[in-house]
There are 2 protein chains.
Amino acid sequence: MNIKDIAKKCNLSVATISRVINNDPKVADSTRKKVLSVIDKYKFVPNITGRSLRTQKSNKILVLLPTMSNQFYSEIIQGIEETAEEKGYAILVAVTNLQEHQEIKYLHMLRMKHVDGCISLFNTIDAESISSLAKTYPFVQCCEPTMGADVSSVEINNRQAVYDVVNQFIQKGHKTIGMISGDYYKTSELGRETGYKEALRDNGLVFEKSLLVKNFYRYEDGAIGAKKIMAHNPKPTAIVCASDSLALGATSYLKSEGYTVGKDICVMGFDNTAITTYTSPTISSIGQPRYDLGKESFKLLYEKLENINSTNKKIILPYEIIHRESTGCSK
Amino acid sequence: MNIKDIAKKCNLSVATISRVINNDPKVADSTRKKVLSVIDKYKFVPNITGRSLRTQKSNKILVLLPTMSNQFYSEIIQGIEETAEEKGYAILVAVTNLQEHQEIKYLHMLRMKHVDGCISLFNTIDAESISSLAKTYPFVQCCEPTMGADVSSVEINNRQAVYDVVNQFIQKGHKTIGMISGDYYKTSELGRETGYKEALRDNGLVFEKSLLVKNFYRYEDGAIGAKKIMAHNPKPTAIVCASDSLALGATSYLKSEGYTVGKDICVMGFDNTAITTYTSPTISSIGQPRYDLGKESFKLLYEKLENINSTNKKIILPYEIIHRESTGCSK
DNA sequence: CTTTTTTATTTAAACGTTTACATTTATATT
DNA sequence: AATATAAATGTAAACGTTTAAATAAAAAAG
């Protein structure tokens, strides 16, 4: 059942059927009604490939993830998906597993016109490549804009978030504060570490290298980090972490060493993933507006889909500091 | 740059170019070499939409997930993805959020030929609908085959897995064993619960309704379930859970009540997600071969893609019982 | 050196749409 | 009533491939 068949059933030309399908106002109400009823009767659905070939659009967008094994992305994708659907776009999710050749392979889908645009949650390729890609193809970075790249992006103010948290700690009397960060997501990491350092500085505290440890984002790294930090003298009374898994690992190490987290020492996570409420103590965390990060990313992408020459925008969304048991303590 | 342009550059017809692209042996070696060099020179990539329209295949398959916020699926998808890629298929991931209208919407992509086939990780629609869908379109169920549906599927033996675990508990001297299950994934749930009941029966123990609680799969439900089960007299000394989050919730409740999990009471999770090693105590779990579940699912789907009338197959893959701290105890 | 067979290449139609342009029909203006 | 204008519909080309069928070229057979 194709548009020709429908045209025959209606005693009309395919053009008119097409116009009805595409809500072209230049068709008489009576004919429109007739056509719609026939379409409905035969449950006709226009062939998307034919349409794509003709319009030179796939009506699909690519969502590029560094990994699937991160709770964090699911809601972002939902935000993208639901906003995209309103505009008639389907999403295609691909995972790079942090490998550059995978990333390049998937980005090639843009050039091959398999997809009309791309929202990327993380990129390894350099700023210049990103800029030039974004000049030619609709492309938006979400959460981790490449530094120095000329591209539309959506993120939170990572620097300010950690700044606020450390500031709160200091207001509560904490004097020695550690930080466990990662060594991969360059942009957000740098922001978070800068926030840490600036909050110390603005409160007259000196930044000490041994209180900031960087590694991966695995649970184990949280434990290792906490161990290193607790070796400091005087002993830290608060630790801010660049992810919830790090905070969890740190907490578990601290517990095993006899500390009561939330009392002897405060631990702050990042991303407010579900796991934060599944543990004892529950983990305080900095929450990102995940759904909206996705939603706004698509909106930016849509501007590019409509006009590739529209100016790049950088959107900053608000974060949220959620206190749970792990930060119950003042000093 | 399209196939016509290449043809012109080569002084050949488009047909010959097409044959080179598709490795048709009916083309002279010398011409093939020439064509390939031109293709390479201009970095020509065949337009997939044109090809799809002509061949009436999209070379895409749909992967249908109940939810993205489950660690468990990521590796399955990877298994599908990598196997699919070898055969030239790209995957499109969609999430139903357990809503039937979403499921129906996405399955419609099969009829609309947006995708050539579908691997579904969960279905709400009834067995008859599944059977008739699978008769017309390449369709495979992974992990949660609909009971009574005539369809290819891949899963583990859920019944046997729990049977084994409960049996082990009994061998170790446990006499009162509870189970926390869910109330959604009909197939795996029923299997797991049956395994529980049969192991009790085969060891001369009676199944008591109050020792099997069913609810959702959330963390909270694990805590609620454990509370109910511990109200039993005599007190249970082991609990098997239908998911890791349930096991985690149960463990957290038990700890808060002063029990030492792994010593006073054993807790077994299901799915062996990363979270099991992030907690104290670490959680024992039943592991499914996730990558292979995905891989085998695609293989089955591929059989259907090649011949929709090939017979349906049911594949059962091995599971793995992983003991960690939470099951350290014998009685 | 024909004729037949095999191999290589071309021609042209087809896939299912959309859309500029042409045409017909209806309505408004004189 | 004749003409101009507007609205509705039709015609046909185009999007980029693949692939039967037709043809041309080369090789084998006589």
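Everything numeric in this text was worked out from a predicted model, so none of it was measured. In what follows, every chain begins at residue 1, and chains take the letters A, B, ... in the order their sequences are listed.
- Closest approach of A/Leu293 to A/Glu155, counting heavy atoms only: CD2-CA, 3.9 Å.
- Put simply, chain A comes within 4.0 Å of DNA chain C, heavy atom to any atom, from C/dG16 to C/dC21, going 5' to 3'.
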Would you please test A/Glu82 and A/Gln78 for side chain to side chain donor-acceptor pair (under 3.5 Å) and show each step?
CA-CA 6 Å; A/Glu82 293 180 9; A/Gln78 207 183 330; 3.1 Å; yes

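- Counting only heavy atoms from C-beta outward, the side chains of B/Arg290 and B/Ile77 never approach each other to under 4.5 Å.
- A donor-acceptor contact under 3.5 angstrom links the side chains of A/Lys304 and A/Asn312, judged on distance only.
- At a non-hydrogen distance threshold of 4.0 Å, A/Leu53, A/Arg54, A/Gln56 from residues 45-61 of chain A come into contact with DNA chain D.
- For the residue pair A/Asp40 / A/Ser37, no side-chain donor-acceptor distance below 3.5 Å is found, with atom types taken as modelled.
- Axis orientation changes by 50° from one end of the helix from C/dC1-D/dG30 to C/dT30-D/dA1 to the other, with each end axis drawn from 5 pairs and the value rounded to 10°.
- Side-chain contact between B/Lys60 and B/Tyr89 is absent, with no heavy atoms from C-beta onward closer than 4.5 Å.
- Note on A/Thr16: only backbone sugar-phosphate atoms sit closer than 4.0 angstrom, heavy atoms only; bases stay farther off.
- By the salt bridge (charged side-chain N to carboxylate O under 4.0 Å, His left out) test, A/Lys105 is found to be paired with B/Glu85, residues two or more places apart in sequence or in another chain being considered.
- A/Leu12 places its CG atom 17 Å from the P atom of D/dA12, with the value rounded to the nearest Å.
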Atom pairs, protein N/O to nucleotides 20-23 of chain D N/O, distance under 3.5 Å:
none

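- Of the residues in residues 24-43 of chain A, not one places a heavy atom less than 4.0 Å from an atom of DNA chain C.
- A heavy-atom distance below 4.5 Å is found between the side chains of B/Tyr73 and B/Pro66.
- Side-chain contact between B/His101 and B/Thr96 is absent, with no heavy-atom pair separated by less than 4.5 Å.
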Criterion side chain to side chain donor-acceptor pair (under 3.5 Å) on A/Gln288 and A/Asp271, from CA distance to verdict:
CA-CA 6 Å; A/Gln288 302 198 41; A/Asp271 285 349; 3.0 Å; yes

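- Remark: B/Glu303 engages B/Lys313 in a salt bridge, criterion side-chain N to carboxylate O under 4.0 Å.
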Any chance you could lay out the side chain to side chain donor-acceptor pair (under 3.5 Å) test for A/Asn158 and A/Ser188, step after step, and finish with the verdict?
CA-CA 6 Å; A/Asn158 283 284; A/Ser188 62; 5.1 Å; no

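- Separation of the A/Tyr217 and A/Tyr184 ring centroids does not fall under the 6.0 Å cut-off.
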Intermediate values then yes/no, side chain to side chain donor-acceptor pair (under 3.5 Å), A/Gln141 and A/Asn123
CA-CA 8 Å; A/Gln141 289 186 313; A/Asn123 293 96; 2.8 Å; yes

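- Taking the charged nitrogens against the carboxylate oxygens, B/Lys299 and B/Glu296 do have a contact shorter than 4.0 Å, which makes a salt bridge.
- Of the listed nucleotides (D/dA12, D/dT18, D/dT9), D/dA12 has the atom at the smallest distance from the side chain of A/Val14.
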